[in-house]
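Just below is one structure, and these are the notes that go with it.
Numbers restart at 1 for each chain; the letters A, B, ... are given by sequence-line order, proteins then strands. Keep in mind that this is a model prediction, so the values were computed, not measured.
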Amino acid sequence: MNRTQVRHVLDTIGTMFPDAHCELRHENPFELTIAVLLSAQCTDETVNKVTADLFHKYKKPEDYIAVPLEELEMDIRRIGLFRNKAKNIQQLCRILLERYNGEIPREHERLVELPGVGRKTANVVVSNAFDEPAIAVDTHVERVSKRLALANWKDSVLEVERKLMKQVPREEWTLTHHRLIFFGRYHCKAQNPQCEICPLLPMCREGQKRMKKR
DNA sequence: CTCCCGATAT
DNA sequence: ATATCAGGAG
């Protein structure tokens, strides 16, 4: 895919979703980190339902470690993988208090050391909370990038991230990341992609195949 | 690679 | 009934 084609993709999703943004409700870097950790294999909508009450009850790292693990588990029970997530949150909060005075570190290298925080979560935090350009590759970004041939089918998420960083200007990384998510979540969906009304159909092999079969 | 896992859409 | 959802760890 050449520069002109990439530019066309970026401009098109920019027109479709000009104000794409983080849909996880949060007030500060700490809440954002907890919300992203909770969002694994779960919709943003479900996370927001849970955090509405959760962030009212737990304000600081001290609050999360003040309760028994079982209580925190029950408070996030409606989200999947709740045992792992509850354990990770308490461990993460202990580390924040021990090493970082209860604050979320701004460096990617330190973020990924936290339990339950991988490369994707760290990228979301640095870009949304600390204005550091980053492209977090989640399920939507991976699927859309591969369908639009911004990456290859066999690429790992890390390879997808590298290819996107190479093809997209650095100052557009974060906004493009959000637009790819919106494009994937609301248009180029996993189950019912809107190929019939897709302005990028000419660039999409998947879409071409899919349209043939009907 | 497998496991963790409830809510929602299809 | 099955697929999918802002993944990470062992």
Side-chain angles (χ1 to χ4, degrees), chain A residues 13 17 19-26 29-55 69-70 72-93 95 104 108-130 132-147 151 154-161 164 173-196 206 210 213-214:
Chain A
I13 63 175
F17 305 101
D19 53 359
H21 58 281
C22 178
E23 295 199 300
L24 292 167
R25 201 190 63 76
H26 65 280
F30 179 59
E31 286 189 353
L32 176 62
T33 304
I34 299 294
V36 181
L37 188 154
L38 289 173
S39 71
Q41 297 293 293
C42 174
T43 62
D44 281 11
E45 201 178 338
T46 303
V47 174
N48 287 335
K49 284 179 187 170
V50 168
T51 56
D53 294 330
L54 193 74
F55 291 164
L69 179 58
E70 295 74 21
L72 182 55
E73 286 180 351
M74 287 307 105
D75 288 336
I76 64 171
R77 156 174 36 81
R78 283 182 290 165
I79 297 183
L81 319 180
F82 63 90
R83 291 187 187 86
N84 286 337
K85 289 172 181 175
K87 191 187 303 176
N88 285 334
I89 287 172
Q90 285 199 334
Q91 284 297 335
L92 181 148
C93 287
I95 295 174
I104 299 290
H108 180 96
E109 314 84 61
R110 293 183 175 177
L111 286 167
V112 293
E113 290 175 1
L114 301 171
V117 177
R119 185 174 184 85
K120 177 250 162 182
T121 299
N123 278 338
V124 172
V125 172
V126 298
S127 60
N128 284 293
F130 301 126
E132 180 91 12
I135 300 180
V137 179
D138 67 354
T139 181
H140 298 299
V141 175
E142 180 181 10
R143 182 183 64 252
V144 168
S145 297
K146 291 181 176 182
R147 282 182 177 171
K154 293 200 63 183
D155 288 345
S156 66
V157 291
L158 182 57
E159 286 166 335
V160 173
E161 183 184 332
L164 289 174
W173 283 357
T174 300
L175 184 53
T176 297
H177 149 73
H178 284 126
R179 285 173 173 167
L180 286 172
I181 288 187
F182 270 56
F183 183 71
R185 182 179 293 162
Y186 301 115
H187 183 88
C188 192
K189 298 181 287 185
Q191 290 192 305
N192 275 26
Q194 310 286 90
C195 300
E196 298 84 352
E206 273 301 298
R210 207 176 280 271
K213 299 175 71 174
R214 342 186 16 159

Original post:
With sugar-phosphate meaning primed atoms plus P, OP1 and OP2, does Lys49(A) contact a base, only sugar-phosphate, or nothing at under 4.0 Å between heavy atoms?
Top reply: sugar-phosphate
Subject >> Donor-acceptor pair, side chain of Arg210(A) and main chain of Cys195(A), under 3.5 angstrom >> reply: no
Original post:
Which part of the nucleic acid, if any, lies within reach of Val117(A) when heavy atoms closer than 4.0 Å are counted: base, sugar-phosphate only, or nothing?
Top reply: sugar-phosphate
**OP:** Considering only NZ, NE, NH1 and NH2 on the basic side and carboxylate oxygens on the acidic side, decide whether Glu142(A) and Lys146(A) come within less than 4.0 Å.
**Re:** yes
Original post:
What does Asn88(A) touch in the nucleic acid at a heavy-atom separation under 4.0 angstrom: a base, only the sugar-phosphate, or nothing?
Top reply: nothing
Original post:
Angle class for the Phe183(A)/Phe17(A) ring planes (parallel below 30°, perpendicular above 60°, tilted otherwise)?
Top reply: perpendicular
Original post:
Which part of the nucleic acid does Leu24(A) contact within heavy-atom distance under 4.0 Å: base, sugar-phosphate only, or nothing?
Top reply: base
Original post:
Do the side chain of Glu159(A) and the main chain of Ser156(A) share a donor and acceptor less than 3.5 angstrom apart?
Top reply: yes
Original post:
For atom P, what is the distance between dA3(C) and dT2(B), given to the nearest Å?
Top reply: 15 Å
**OP:** For residues His187(A) and Phe182(A), establish whether the separation of their ring centroids is below 6.0 Å.
**Re:** no
Subject >> Along DNA chain C (nearest heavy atom to each residue), the more 5'-positioned of Leu114(A) and Asp44(A) >> reply: Asp44(A)
**OP:** Check every nucleotide of DNA chain C for an atom under 4.0 Å from a heavy-atom of chain A, then give the first and the last such nucleotide from 5' to 3'.
**Re:** dA3(C) to dA9(C)
Original post:
DNA chain C: Gly116(A) or Val36(A), which has the more 5' nearest nucleotide?
Top reply: Val36(A)
Subject >> Backbone N/O of Arg25(A) and side chain of Asn48(A): donor-acceptor pair under 3.5 Å >> reply: yes
Original post:
NA contact type, Leu180(A), heavy-atom cut-off 4.0 Å: base, sugar-phosphate, or nothing?
Top reply: nothing
